[in-house]
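Before any comments, here is the structure.
As the structure is a computational prediction, the values presented were derived from the model and not from experiment.
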Amino acid sequence: MKTPVKATLIAVAVAVVLVLAAVVYALVNRSPVPPPEGGASPGAASVVRENSHVLDDGGPEAVTVVEFLDFECEACGAFYPIVEDLREQFAGEITYVVRYFPLPGHFNSKNAAIAAEAAAGQDRFEDMYHRLFETQAEWGEAQESRADLFRGFAEELGLDMAAYDAAVADPATAERVELDFNEGRALGVGSTPTFFVDGELQELQEWDDLETAIQAAVNGES
């Protein structure tokens, strides 16, 4: 391919990515944030709630790392192995918390979050969390519901399927996902993955910025 043509195609691709990012940001922020659970104002949004899903509990002195994620988000999928490495590297030093932030532009992101929440009702959140990211390439970007595929994951995990189906159908499960999303917006989350380290929103520029922030917090550096 001739260099000028290649450069033009790259420029167009970059422009498309920027436009899509702007559309996603507009979709996420176009409507008012409903009050969080209990009638509290958006200003009372919490980085961590009692019912937030904790993958690793490092104890009362541990650094708390919170990730707002979308299971269909390719960037979240790219960060998944990095997160797993960090969880191993800082085992016992961090408490790792996951919260939902299904982006409006992803057809199955909310379905995936509901599947994870239904699994959480049987104490199998982390198993479904791994399954969804490990299979993201199979269902991500689909323009039809993949809820049946997620139900198949639940069967493979050996879940009580009657309880799983009941949880998926229960409006409270979707409300639980929406609570995380709305609180994320109130906390300044506009894309995924978004990380907080000891309550501080992280502006990541490089792949190792999250590790650097965690290490600093573990070392007690401001």
Side-chain angles (χ1 to χ4, degrees), residues 20-58 60 62-80 82-83 86-87 90 93-106 109-110 112-114 116-117 120 125-126 129 132-133 172-218 221-222:
L20 288 175
V23 169
V24 168
Y25 182 85
L27 287 170
V28 169
N29 291 280
R30 67 182 177 182
S31 58
V33 180
E37 191 176 48
S41 66
S46 302
V47 177
V48 180
R49 284 190 172 272
E50 289 184 2
N51 63 351
S52 293
H53 298 303
V54 178
L55 299 184
D56 300 305
D57 187 350
V63 170
T64 299
V65 182
V66 179
E67 178 184 2
F68 281 84
L69 60 77
D70 174 342
F71 287 109
E72 191 169 355
C73 168
E74 290 184 352
C76 293
F79 257 95
Y80 168 67
I82 295 173
V83 165
L86 291 175
R87 289 177 59 196
F90 292 101
E93 297 180 294
I94 65 172
T95 292
Y96 201 89
V97 181
V98 169
R99 300 192 68 178
Y100 306 115
F101 200 80
L103 295 170
H106 291 157
S109 57
K110 189 170 182 179
I114 287 173
E117 187 61 22
F125 173 83
E126 185 168 359
Y129 160 88
L132 290 167
F133 274 130
T173 304
E175 290 169 4
R176 170 66 181 76
V177 172
E178 290 160 6
L179 171 66
D180 273 6
F181 179 81
N182 292 329
E183 288 204 334
R185 289 177 60 190
L187 290 164
V189 178
S191 61
T192 54
T194 292
F195 299 92
F196 291 80
V197 176
D198 273 349
E200 182 177 347
L201 176 64
Q202 301 299 304
E203 299 289 346
L204 306 183
Q205 301 297 324
E206 304 291 341
W207 288 103
D208 61 351
D209 282 353
L210 180 59
E211 178 182 356
T212 300
I214 294 173
Q215 187 66 70
V218 167
E221 302 170 7
S222 57

So, for [X] and [Y], which heavy atoms are closest and what is the spacing to 0.1 Å?
X      : Y      : value
Leu132 : Ala112 : CD1-O, 3.5 Å
Gly184 : Phe68  : CA-CE2, 3.5 Å
Glu67  : Val83  : OE1-CG2, 3.9 Å

Rounded to the nearest 0.5 Å, what's the gap from CZ on Phe181 to OG1 on Thr192? Could you check?
10.0 Å
Result block: side-chain N/O donor-acceptor pairs under 3.5 angstrom for residues 98-105, not counting sequence neighbours:
residue	atom	partner	partner atom	Å
Arg99	NE	Asp180	OD1	3.0
Arg99	NH1	Ser46	O	2.4
Arg99	NH1	Val47	O	3.1
Arg99	NH1	Glu183	OE1	3.4
Arg99	NH2	Asp180	OD1	2.8
Arg99	NH2	Glu183	OE1	2.8
Tyr100	OH	His53	NE2	3.4
Tyr100	OH	Glu117	N	3.3
Tyr100	OH	Glu117	OE1	2.7

Between Arg49 (side chain) and Leu179 (backbone), is there a donor-acceptor pair under 3.5 Å?
no
Holding to side chain to side chain donor-acceptor pair (under 3.5 Å), I want the full list of residues that pass it with Glu72, two or more places apart in sequence or in another chain.
none
Mind checking side chain to side chain donor-acceptor pair (under 3.5 Å) for Glu126 and listing every partner two or more places apart, or none if nothing turns up?
Arg87, His130
Could you work out, with side chain to side chain contact (heavy atoms under 4.5 Å, CB included) as the rule, every residue matching [X], not counting sequence neighbours?
X      : value
Ala75  : Cys73, Pro193
Val218 : Val63, Phe90, Glu93, Ile94, Ile214, Gln215
Glu50  : none

Centroid-to-centroid, Tyr80 to Tyr129, below 6.0 Å?
yes
Do Cys76 and Phe133 come within less than 4.5 Å of each other through their side chains, counting heavy atoms only?
yes
Residues 196-205, side-chain donor-acceptor partners within the protein, below 3.5 Å, at least two apart:
residue	atom	partner	partner atom	Å
Asp198	OD1	Thr64	N	2.8
Gln202	NE2	Glu200	O	2.9

Residues that Glu178 engages under salt bridge (charged side-chain N to carboxylate O under 4.0 Å, His left out), provided they are two or more places apart:
Lys110
